[in-house]
Amino acid sequence: MIHKLLKRPQAIIGLCLIAIVIVIAIAAPAFSPHDPELVNLSQKYAQPDAEYPLGTDQLGRCTLSRLLYGARYSIGISLPVLLILSVIGLIVGTFSACAGKKADHFITILCDVFIAIAVIGVLGNGLQNIAVSVVIATWAWFVRVVRSYSVQEMGKDYILAARISGCNTGKLVFRHLIPNILPQFLVYVSTGVASSIIMVSSFAFLGLGLPSGTPEWGAMLNDARTALYSHPELLIYPGLCIFVTAAGFNLFGEALRDILTPEEDSL
């Protein structure tokens, strides 16, 4: 599969963008010229120069340093959240498809309820709270996606053969169902990274979840609204970071989908 990915330009571009963002997130302290949270009002809205390559914001904080550390927060929250969502989705979704109609109906209703009550404001600010809020807001979608994959697989001959051979629900799920839906699910997860990053940034843009002053891209967008007309670059920089990161994961996900579902190419 790796050989096939390397033959697709969109996969290479996506992987390069992802690699750049991850390297920046890991090495942010080494690349940042200043402390991203250091306030220096005497340098308020400073123009780009050797000391501040991208200038400063309304509190005199280094824009470049905040963008570099912003990758840490966006990626650092989104990837663990997606791992948790993947585990929940695979286990609950597959067991839902294997369970009886009553249990399946109950889980479906439960998903609808959680989608409706996912409100981050109840939890307050904090990195852990924003991660929990994203999980609460989106786990039901992961369960539904996995369940739809599983329902399609349940009608296939190998599942029927496994049931006839006396395979219980646990073995059916972990030995047969999950391995067969995993390729499709990986495609969903790879494109879901972009959605997760945008969701985290959206919460921060609304002033929810992250402590004030946190160098996160969505929070930077929120802070820059007061200088929309006088300093639009403060909106453009974090917006471009979100766009490039989301584009990288989406490009890679689309290439992965084309490889794992080649039959779609002929349609």
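Not a single ring pair (Phe, Tyr, Trp, His ring centres under 6.0 Å) links Tyr237 to another residue, sequence neighbours left out. Shown here are the ring pair (Phe, Tyr, Trp, His ring centres under 6.0 Å) partners of Tyr45, two or more places apart in sequence or in another chain: His231. Residues satisfying the salt bridge (charged side-chain N to carboxylate O under 4.0 Å, His left out) test with Glu153, not counting sequence neighbours, are Lys156.
When atom types are taken as modelled, the side chain of Thr94 and the backbone of Ile178 share no donor-acceptor pair closer than 3.5 angstrom. Remark: the backbone N or O of Leu67 is paired with a side-chain donor or acceptor of Trp217 at under 3.5 angstrom. A donor-acceptor pair under 3.5 Å links the side-chain atoms of Ser165 to the main chain of Ala162, judged by distance alone. A donor-acceptor contact shorter than 3.5 Å links the side chain of Ser148 to the backbone of Val145. Between the side chain of Arg147 and the backbone N or O of Ser96, no donor-acceptor pair lies under 3.5 Å. Distance alone, capped at 3.5 Å, is enough to place a donor-acceptor pair between the Ser65 side chain and the His34 backbone. A donor-acceptor contact shorter than 3.5 Å is absent between the side chain of Ser150 and the backbone of Ala97. Remark: the backbone N or O of Ala46 is not paired with any side-chain donor or acceptor of Gln43 at under 3.5 angstrom.
Taking hydrophobic clusters as Ile, Leu, Val, Met, Phe, Trp and Tyr residues chained together by side-chain heavy-atom distances below 4.5 Å, Leu235 shares a cluster with Met220. Following chains of ILVMFWY side-chain contacts shorter than 4.5 Å, one cannot reach Leu234 starting from Leu54, and the two form parts of different hydrophobic clusters. One hydrophobic cluster holds both Trp141 and Leu182 under the rule that ILVMFWY side chains link at heavy-atom gaps under 4.5 Å. Tyr52 and Val39 are members of different hydrophobic clusters when ILVMFWY side chains are connected at heavy-atom separations under 4.5 Å. A single hydrophobic cluster is not seen to contain both Ile259 and Leu251; linkage of ILVMFWY side chains at heavy-atom distances under 4.5 Å, directly or through other members, places them apart.
Ionic pairing of Arg61 and Asp223 is present here: one or more N-O contacts between side-chain nitrogen and carboxylate oxygen are shorter than 4.0 angstrom.
Counting heavy atoms from C-beta outward, Val92 and Val146 have side chains that stay 4.5 Å or more apart. Side chains of Pro215 and Tyr73 form a contact here, defined as non-hydrogen atoms less than 4.5 Å apart. The side-chain heavy atoms of Leu240 and Ile236, taken from C-beta on, include a pair separated by under 4.5 Å. In this structure, the side chains of Leu172 and Cys98 come closer than 4.5 Å at one or more pairs of heavy atoms. The shortest distance between side-chain heavy atoms of Phe252 and Ile13 does not fall below 4.5 Å. The shortest distance between side-chain heavy atoms of Trp139 and Val81 does not fall below 4.5 Å. Using a 4.5 Å cut-off on side-chain heavy atoms (C-beta onward), Ile88 and Phe142 make no contact. Inter-residue side-chain proximity for Pro33 and Leu64 is flagged as met; some heavy-atom pair is nearer than 4.5 Å.
Distance CG/Leu15 to CG/Leu256: 9.5 Å, rounded to 0.5 Å. One finds the CD atom of Glu216 at 10.5 Å from the CG atom of Asn222 (value rounded to the nearest 0.5 Å). Once rounded to the nearest 0.5 Å, the distance linking SG of Cys241 with CG of Leu68 reads 8.0 Å. Note that CD1 of Ile12 and NZ of Lys7 are 11.5 Å apart. Values are rounded to the nearest 0.5 Å. Between the CG atom in Leu17 and the CD1 atom in Ile22 there is a gap of 11.0 Å [rounded to 0.5 Å]. Taking CD1 from Ile164 and CD1 from Ile159, the interatomic distance works out to 11.5 Å, rounded to the nearest 0.5 Å.
What you find for Pro36 and Arg66 is that their closest heavy atoms are O-NH1, 2.8 Å.
More than 12 heavy atoms of other residues, nucleotides or ligands sit less than 6.0 Å from atom CG of Asn168. The number of heavy atoms from other shown groups lying within 6.0 Å of CZ (Phe243) does not exceed 12.
Of the residues Pro29, Cys62, Ser74, the one that meets the side-chain contact (heavy atoms from CB on, under 4.5 Å) test with Tyr69 is Pro29.
The six-membered or imidazole ring of Tyr188 lies away from that of Tyr149, with a centre-to-centre distance of 6.0 Å or more.
Side-chain contact check for Thr226 and Gln58: no donor-acceptor pair (N or O, by modelled atom type) lies under 3.5 Å.
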Go through it in stages, so that I can follow the logic: the residues are Asn40 and Thr56, the test is side chain to side chain contact (heavy atoms under 4.5 Å, CB included), and I'd like the CA-CA distance, side-chain angles, deciding distance and then a yes or no.
CA-CA 9 Å; Asn40 184 2; Thr56 63; over 6 Å; no
Step by step, would you call Thr169 with Val173 a side chain to side chain contact (heavy atoms under 4.5 Å, CB included)?
CA-CA 6 Å; Thr169 302; Val173 167; 4.3 Å; yes
